[in-house]
2 protein chains.
Amino acid sequence: MNNHSSHTSLRHSRQRDEILKLLRTTTSHPTADWIYQEMKKEFPHLSLGTVYRNLALLVEQGLVRKLESGSTFDRFEARLEPHYHLICSRCRVISDFDMPGYQEINERAARMTDFKIQGHKIEFFGLCSTCRAQQS
Amino acid sequence: MNNHSSHTSLRHSRQRDEILKLLRTTTSHPTADWIYQEMKKEFPHLSLGTVYRNLALLVEQGLVRKLESGSTFDRFEARLEPHYHLICSRCRVISDFDMPGYQEINERAARMTDFKIQGHKIEFFGLCSTCRAQQS
DNA sequence: CTACTTGCAAACTATTTGCGTTACG
DNA sequence: CGTAACGCAAATAGTTTGCAAGTAG
């Protein structure tokens with residue numbers, strides 16, 4: 001399942017390793033800029049371009065996924081198992097959401113179209129528990 | 001038809017009416033620029049800013065929906081009933097996809113989270129019939 | 001050594017906005 | 001008429017890219 005990267009076998013870099021580590025230890029689906037700000041503590045000369053370049057590489061390698069997420073900026077996650085997202089309409093927080101039935105939904109869709117289904121994503125929107133409480 | 005002008009009572013403009021008409025008579029989920037190019041035939045002095053401003057107004061009124069769609073640009077549709085999208089991984093074409101069970105999925109999700117679910121979207125990705133045939 | 005990766009800065013792309021003018025109601 | 005909407009052009013915002021210097025293997 002690995003090593004089907006058609007192109008360059010990659011060298012390591014402290015920056016890229018750290019980006020991956022950060023993504024693997026946060027659940028907040030960060031933006032490139034959040035990662036940049038965070039890493040600047042350790043890499044004072046870090047460039048935002050480096051963050052973007054590495055994120056693109058990691059996505060290409062299949063180690064990271066990019067979410068479009070409805071906002072104006074891209075968000076990233078390193079959680080690779082199929083799962084969905086809950087997006088709060090008010091505060092825009094994004095939480096992971098595990099709901100079984102991923103394959104069933106694919107199969108059900110496959111039966112209803114001549115499209116060859118490879119997968120799907122679901123975004124639920126609503127109010128997170130915090131915003132739900134504050135409902136004006 | 002319906003006349004539920006909620007907040008800002010809007011004046012009409014030939015441009016906005018035409019944008020809505022275009023969106024209602026196409027199934028291709030066009031970009032702002034596609035609409036712009038298309039309308040330029042009839043409105044030679046049309047500005048792209050006008051297209052964007054009107055799309056935003058129509059979205060605000062609930063007459064049009066914006067899709068993020070995974071590409072770098074926004075796409076728009078005037079089909080308001082709940083439905084899903086099939087996106088071809090190869091040629092990027094987007095088709096509408098009606099699959100029953102919208103409410104069930106909402107309810108099922110609602111049972112599994114403390115989020116107050118308002119709705120969801122599903123994007124299926126795979127190969128459209130054309131690309132599937134050409135599969136190398 | 002070599003070529004991948006970096007930091008920096010400039011470029012790019014899609015979208016938004018300020019401003020003076022036009023036109024709907 | 002009054003003001004929403006327009007066209008034009010400049011400004012944003014997020015992301016990408018060219019280049020010379022640094023560094024991993």
Side-chain angles (χ1 to χ4, degrees), chain A residues 3 5-23 29-61 63-77 92 94, chain B residues 3 5-23 29-61 63-77 92 94:
Chain A
N3 214 351
S5 49
S6 40
H7 20 272
T8 38
S9 64
L10 289 178
R11 181 183 291 181
H12 278 260
S13 85
R14 302 210 303 120
Q15 290 86 338
R16 183 158 54 243
D17 293 347
E18 179 61 22
I19 289 172
L20 186 52
K21 187 176 146 207
L22 255 184
L23 281 172
H29 312 82
T31 62
D33 195 65
W34 184 92
I35 295 170
Y36 171 66
Q37 298 301 338
E38 202 64 17
M39 285 183 57
K40 251 197 156 165
K41 300 165 189 167
E42 193 178 346
F43 301 84
H45 296 291
L46 182 65
S47 148
L48 192 50
T50 296
V51 175
Y52 276 108
R53 255 185 299 234
N54 280 315
L55 284 169
L57 278 172
L58 291 167
V59 167
E60 219 176 288
Q61 292 180 279
L63 296 172
V64 163
R65 285 211 310 239
K66 192 200 278 202
L67 322 173
E68 270 80 15
S69 79
S71 17
T72 59
F73 22 70
D74 293 337
R75 293 177 166 273
F76 299 86
E77 69 179 0
R92 292 282 135 195
I94 304 182
Chain B
N3 197 352
S5 43
S6 33
H7 17 281
T8 32
S9 66
L10 289 179
R11 182 181 291 184
H12 277 260
S13 84
R14 300 210 304 123
Q15 289 88 336
R16 182 159 55 244
D17 292 347
E18 178 61 21
I19 289 172
L20 187 52
K21 187 176 146 207
L22 254 184
L23 280 172
H29 314 82
T31 62
D33 195 65
W34 184 93
I35 295 169
Y36 172 65
Q37 298 301 340
E38 201 64 19
M39 285 183 56
K40 250 195 157 168
K41 300 165 189 167
E42 192 178 346
F43 301 85
H45 296 291
L46 181 66
S47 148
L48 193 49
T50 296
V51 175
Y52 276 107
R53 255 186 296 237
N54 280 314
L55 284 168
L57 277 171
L58 291 167
V59 167
E60 216 177 290
Q61 291 180 280
L63 297 172
V64 163
R65 285 210 311 238
K66 192 199 280 203
L67 322 174
E68 272 81 14
S69 79
S71 20
T72 58
F73 20 71
D74 294 336
R75 294 178 165 273
F76 298 86
E77 68 179 2
R92 292 282 135 195
I94 304 180

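In what follows, chains are A, B, ... by sequence order, proteins preceding strands, each numbered from 1.
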With a 4.0 Å limit, can you tell me whether [X] has a side-chain N or O closer than that to the phosphate oxygens OP1/OP2 of [N]?
| X | N | value |
| --- | --- | --- |
| A:Thr50 | C:dG7 | yes |
| B:Gln15 | D:dG7 | yes |
| B:Ser13 | D:dC6 | yes |

May I have the distance from [X] (atom [atom1]) to [N] (atom [atom2]), rounded to whole angstrom?
| X | N | atom1 | atom2 | answer |
| --- | --- | --- | --- | --- |
| B:Phe43 | C:dA23 | CZ | C1' | 13 Å |
| B:Gln61 | D:dA5 | CD | C1' | 13 Å |
| B:Arg11 | C:dT22 | CZ | P | 15 Å |
| A:Asp74 | D:dG14 | CG | P | 11 Å |
| A:Tyr52 | C:dA9 | OH | P | 18 Å |
| B:Leu48 | C:dT16 | CG | C1' | 10 Å |
| A:Gln37 | D:dG14 | CD | C1' | 14 Å |
| B:His12 | C:dT22 | NE2 | C1' | 18 Å |

**OP:** Specify the residue among B:Thr31 and B:Arg14 whose closest nucleotide of DNA chain C lies further upstream toward the 5′ end.
**Re:** B:Thr31
Hey, what do you get for [atom1] ([X]) to [atom2] ([Y]), rounding to the nearest 0.5 Å?
| X | Y | atom1 | atom2 | answer |
| --- | --- | --- | --- | --- |
| A:Glu38 | A:Ile19 | CD | CD1 | 12.0 Å |
| A:Ile35 | A:Phe76 | CD1 | CZ | 6.5 Å |
| B:Lys40 | B:His45 | NZ | NE2 | 10.0 Å |
| A:Glu18 | A:Phe43 | CD | CZ | 5.5 Å |

**OP:** Would you indicate what A:Phe73 reaches in the nucleic acid, counting non-hydrogen atoms under 4.0 angstrom: base, sugar-phosphate, or nothing?
**Re:** sugar-phosphate
**OP:** Looking at every strand, decide which applies to A:Asn54 at a 4.0 Å heavy-atom threshold: base, sugar-phosphate, or nothing.
**Re:** sugar-phosphate
Original post:
For the base of C:dT5, is there a side-chain donor-acceptor partner from A:Arg16 under 3.5 Å away?
Top reply: no
**OP:** Kindly indicate whether the side chain of B:Arg53 and the base of D:dA5 share any N or O donor-acceptor pair separated by less than 3.5 Å?
**Re:** no
Name the closest nucleotide to the [X] side chain, picking from [options].
| X | options | result |
| --- | --- | --- |
| A:Ser47 | C:dG7, D:dA4, D:dG7 | C:dG7 |
| B:His45 | D:dG7, C:dC24, C:dT6 | D:dG7 |
| A:Leu46 | C:dC24, C:dT2, C:dG7 | C:dG7 |
| A:Leu57 | D:dG14, D:dC6, C:dT5 | C:dT5 |

**OP:** Answer yes or no: is there a donor N or O on one side and an acceptor on the other, between the side chain of B:Arg16 and the main chain of B:Arg53, under 3.5 Å?
**Re:** no
